[in-house]
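Sequential numbering from 1 along the given sequence is applied to the chain's residues. Everything quoted here is computed from the prediction, not taken from an experiment. Side-chain atoms are counted along with the backbone in the values below, which use heavy atoms only and exclude waters and symmetry mates.
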Amino acid sequence: MNIALIENNLQQLVNTFEKESFIYDLLLAYGQPKATIKRIKDGGLNLSKVDGEIAWKKKLFYKAIEGEDLHEIIADLTANNKAVKHDPRFVVVTDYKNLLAVDTKTQDTLDIAILEIAKHFDFFLPWAGMEKAQVQYENPADVKAAERMARLYDEITKDNRSDGSAVESKEEVHNLNVFLSRLLFCFFAEDTGIFEKGIFTNSISSHTQADGSDMHTYLDRLFEALNTSDQQRSVSVAELPAYLLVFPYVNGGLFRNATERRPHHAPIFSRRSRQILIESGELDWSAINPDIFGSMIQAVITPEHRGGLGMHYTSVPNIMKVIEPLFLDELYQEFESAKGNLKKLNDLLKRIWNIKIFDPACGSGNFLIIAYKELRKLEMAIFKEIDKVTKTYGTQYSGIHLGNFYGIELDDFAHEVAILSLWLAEHQMNQSFFKEFGRTRPALPLKETGNIVHGNACRVDWESVCPKNDASTPLSEQDEIFILGNPPYLGSSMQTAEQKDDMALVFKGLKDYKNLDYIAAWFLKGANFIQNQNAQFAFVSTNSICQGEQVAMLWPPIFNKNLEIGFAHTSFKWANNAKANAGVTVIIVGLRNSFNKNQKVLFVENRKIFASSINAYLSNGKDIIIEKRSTPLSIIPNMIYGNKPVDGGNLLLTPNEKEELLKQYPTSIKFLKKILGSEELINGKDRWCLWINDDSLIEAESIPPIKERIGRVKAMRLMSKDSGANKMAEKPHQFREMYSAKNQLLAIPSVSSENRPYIPIGFLNQDTVISNLAFAIYESPIWLFTLLTSRMHMTWVRCVAGNLETRIRYSNTLCYNTFPFPPISERQKQELEQSVYRILEEREAHSEKTLAQLYDPDKMPEGLREAHHQNDLAVERCYRSKPFESDEERLEYLFKLYELMIAEEKTRGTLFEMEKKEKKKKK
């Protein structure tokens, strides 16, 4: 279901309008299944028993009534709660002449003549799964224009493909991309003073056939005219008709054909696509925002992204989180100190005129556009201050040129839109400049940009796109370059073969990179680019590169280049301004050379923290890398991986399978144990396994179902390509490991929701086996429970653990063995034990609930929450007497303690080696 089809359906509804079937035809127009419509008609889905009404839960309240005031009716329905009782998305009333509707989610309203429904197709788009964008800070013209372009794209595709399918070849795709970019420019130009007002749309109306048959020929001639200079026109004036000569020369490469053999031709048009193009031109394109609109138009040519036009862009506030600490804050500080001083103001102007901005994953240009606009705003502020100082009216023009803005983009259309959007942004800022100072450069002809390159940023030499100075150039004479953007992030398991090849190319010569996220390639290339240069970079990134094992893979080779983190935003939701957006959790990391002496800054939630040093975990601390360990750093018992069955499911039993076995063979109870992994422990699920010691094998195999299962395990292991599994076929009755408790064990899930305040852990008895999906500490001291379920430990885990999707992935080697905990006294252990009992008592008071329910952050029982709070305080007293005030403070303390304990461990190792050598000498 696409917009063009919806509009066609609505037009058909209008042409064959019938009162009795109107509402059903309306629902069908938006793709609702016929079977669903039948159930509404039959009353199966209609919760209203009143004639002329439909109450469809979550979808629609509809009332048809004639001879009454519709405005009063809809006001009464929404006021007395009748209409919204079943939470419908839309409330619709009609007298079959007019139609009134309310979108209960967005509070949008519709008041139209019923036969005008096709003109307002966008109102009911949520029925087709296309959410209307609710933009808080941006002009709704962006959304309207993108929706109109989506309709045009669909129609053009249909006109140029007999089966209505999308264009396929690279050449076809590129040709259509170029055409859409040209079209967008013409719409914008005729509404913003670049062209004469309305000239483009009016010329199409006046000089092309209504059936669209000559549209492509006309547009090809028009685009040729826009690419013909005044000098060329004077030489070959006979070749262009008068109605095309009224259009100015544009230049800038926008209307230049690729080659004479393969020119960019306009596509074929129909009557309908021509009409949509004219209707699109009638919108007010002067109101669009290039920084937003580019991404929205990019979604137009990807129908699967249509679910929320207006939601596929990066909001300005989020882009500013990158731009401000990277360079804008410093420039404004310099501006404040330069006020009243003409020399300093002119020096600042020269500085910003020479700054280069480079986005090596620029998409449709959002970051470049916002950076350009912000620099232009600062420049205007400087000009005003200069006028104030000199008490004269200046004559300078803007010295910020698009030639200093660079980008690389893999997607062809996004690359075209980025170039176009930068031109549009330049024109808008020139208009702002004119309003402020009464002067500006002419809009036409456009200047060449040429710095947005279509290519793979992992394979393109960045210096070939954005030139930098030779390493021998003194730093004070080097170009000032800022690299920024939001490169793609993909976990190693989600990368395509081509992307894996990209990683191999970028990380050539380095080991242990294969588990890195795809975005790591941009960080390493960025590091190589800025090393020993007057340059910095900042990227929005998945937080996984600053967690778990990826830290040790990525950051040492970066820090070894004498680079450091200058600023960072810790994890936050990267969302746009659309109401229904689904933000992802990201970080922002800014890298610079260590010779940069500016203050380092950490942004944590809504707080700005000045840091002495920012490490790879985005904490205020030295550049420490937490390496995996096989044994605990602290004086705590070993935690081991659970038992791995390697059985093809044959050693495991569901509750029903267990009961069936016991029903037939009651003596098999001695070979059964409950088995728990993360899922069973947290959600209270039941699972069983066969647990057979060597000396009980003969008795176990006397039970036929058990013998059959053992046989299937042996066959599975022998067939495996894994030599380890083949070896295990010698003991098919057992798990790979056969760890079990003599008395009790402490179980820790390997995966837990990131939303829980604590990882749910628990004590289990000797009749329970821990699977390889959890960890165990056998014969654990009671007090250790408090440590692992404390805020101190959770703060450490959130920082150093990896993630499975967004969930915390706990690891004994990375989370537990590295955790710094000081030696404690027996009295302190007894105090911690009391905390354990309080927590277990509170759990027992809600024994009907699973651990998942008990540790739901929104529903956690107050008694349990308080018991944990007291436990947190008790654990923190083991570190110091003064309570910690924030997780940042906890983490800073833990990193310092880790560093100290590692140093002490190395010292002990050195002393031990010295003693060994001394003993050898004496012998």
Side-chain angles (χ1 to χ4, degrees), residues 322-323 325-327 330 351 354-363 365 367-368 371 403-410 415 418 450-489 499 502-510 513 516-541 545-546 553-568 587-596 598 614 616 623:
V322 176
I323 290 174
L326 181 61
F327 63 85
E330 182 189 345
R351 180 183 176 188
N354 288 292
I355 283 175
K356 292 180 177 180
I357 306 293
F358 176 29
D359 183 347
C362 68
F367 281 78
L368 294 173
N404 275 0
F405 290 77
Y406 304 81
I408 304 173
E409 175 50 39
L410 183 62
H415 153 258
N451 294 330
I452 309 297
V453 173
H454 176 216
N456 182 341
C458 292
R459 297 171 183 265
V460 171
D461 177 6
W462 289 11
E463 194 174 348
S464 70
V465 178
C466 178
K468 62 180 182 179
N469 298 105
D470 185 86
S472 62
T473 306
L475 196 65
S476 60
E477 298 175 17
Q478 287 183 6
D479 294 336
E480 191 171 11
I481 303 174
F482 296 102
I483 305 172
L484 76 182
N486 186 6
Y489 14 100
Q499 289 163 341
D502 291 343
M503 293 291 284
L505 181 66
V506 174
F507 285 88
K508 187 177 181 180
L510 294 174
Y513 68 86
L516 280 170
D517 193 281
Y518 190 47
I519 197 174
W522 273 260
F523 274 84
L524 188 61
K525 290 200 74 166
N528 291 334
F529 188 97
I530 71 169
Q531 186 180 16
N532 296 322
Q533 291 284 319
N534 185 17
Q536 302 178 45
F537 75 81
F539 292 138
V540 181
S541 171
I545 64 163
C546 288
M553 297 175 188
L554 175 63
W555 291 100
I558 289 178
F559 290 149
N560 287 342
K561 299 179 187 297
N562 290 320
L563 302 180
E564 64 182 15
I565 297 175
F567 77 92
I587 55 177
I588 298 172
V589 185
L591 270 291
R592 68 191 194 187
N593 287 278
S594 57
F595 53 67
N596 189 315
N598 288 347
I614 302 173
D623 292 335

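Interatomic distance, CD1 of I530 versus CG of N593, reported as 5.5 Å (0.5 Å rounding). Between the CD1 atom in I481 and the CG atom in N354 there is a gap of 11.5 Å [rounded to 0.5 Å]. Atoms CD and CG, on Q533 and D479 in that order, are 8.5 Å from each other to the nearest 0.5 Å. How far CG of N532 is from OG1 of T473: 12.0 Å, rounded to the nearest 0.5 Å. If you take CH2 on W462 and OH on Y406, they are separated by 15.0 Å, rounding to the nearest 0.5 Å. Here E409 contributes atom CD and H415 contributes atom NE2; the two are 9.0 Å apart, rounded to the nearest 0.5 Å.
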Item to check | Test side-chain contact (heavy atoms from CB on, under 4.5 Å) applied to I355 and N404, step by step | outcome: CA-CA 7 Å; I355 283 175; N404 275 0; 6.0 Å; no
Checklist entry - Would L505 and R459 satisfy side-chain contact (heavy atoms from CB on, under 4.5 Å), going step by step from the backbone distance to the final call? => result CA-CA 8 Å; L505 181 66; R459 297 171 183 265; 3.8 Å; yes
Next on the checklist: Could you go through Q536 and I483, starting from their C-alpha distance and side-chain angles, then the distance that decides it, and tell me whether this counts as side-chain contact (heavy atoms from CB on, under 4.5 Å)?
Outcome noted: CA-CA 6 Å; Q536 302 178 45; I483 305 172; over 6 Å; no
Item to check | Test salt bridge (charged side-chain N to carboxylate O under 4.0 Å, His left out) applied to E480 and K468, step by step | outcome: CA-CA 9 Å; E480 191 171 11; K468 62 180 182 179; over 6 Å; no
Next on the checklist: Could you walk me through whether L475 and F595 satisfy the side-chain contact (heavy atoms from CB on, under 4.5 Å) test, starting with their C-alpha distance in whole Å, then the side-chain angles of each, then the deciding distance to 0.1 Å, before giving a yes or no?
Outcome noted: CA-CA 11 Å; L475 196 65; F595 53 67; 3.5 Å; yes
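When all heavy atoms of A418 and G365 are compared, the closest pair comes out as CB-N, 3.9 Å. Across every non-hydrogen atom of I357 and L484, the tightest pair is CG2-CD2, 3.4 Å. Contact detail for L524 and I558: the closest heavy-atom pair is CD1-CG1, 4.3 Å. For A521 against M503, the heavy-atom pair with the smallest separation is CB-SD, 4.0 Å. Contact detail for V506 and C458: the closest heavy-atom pair is CG2-O, 3.7 Å. For the residue pair C546 and I587, the shortest heavy atom distance occurs at SG-CD1, 3.6 Å.
A distance-only check finds a donor-acceptor pair linking the side chain of Q478 to the backbone of N534 [under 3.5 Å]. Side-chain N or O atoms of S594 include one that pairs as donor or acceptor with a backbone N or O of N562 at under 3.5 Å. At distances below 3.5 Å, at least one donor-acceptor pair connects side-chain atoms of N560 with backbone N or O atoms of P556. In this structure a side-chain-to-backbone donor-acceptor pair under 3.5 Å is present from W522 to P360.
Using a 4.5 Å heavy-atom threshold, the side chains of F482 and K356 count as separate. You'll find the side chain of I565 reaches within 4.5 Å of the side chain of V589, heavy atoms only. Contact check for C362 versus I452: side-chain heavy atoms found under the 4.5 Å cut-off. With a 4.5 Å cut-off on side-chain heavy atoms, N598 and E330 count as touching. In this structure the side chain of F537 never reaches within 4.5 angstrom of the side chain of L326, judged on heavy atoms. By the 4.5 Å heavy-atom criterion applied to side chains, L368 and F358 are not counted as neighbours. Between N451 and C466, the closest side-chain pair of non-hydrogen atoms is not below 4.5 Å. When side chains are defined from C-beta on, D623 does not count as touching W555, because their heavy atoms never get closer than 4.5 Å.
Taking F405 as the reference, Y372 meet the ring-ring contact (aromatic ring centres under 6.0 Å, His included) condition, with sequence neighbours excluded.
Y489 has its ring centre no less than 6.0 Å from the ring centre of Y518.
A side-chain N or O of N456 and one of D502 form a donor-acceptor pair less than 3.5 Å apart.
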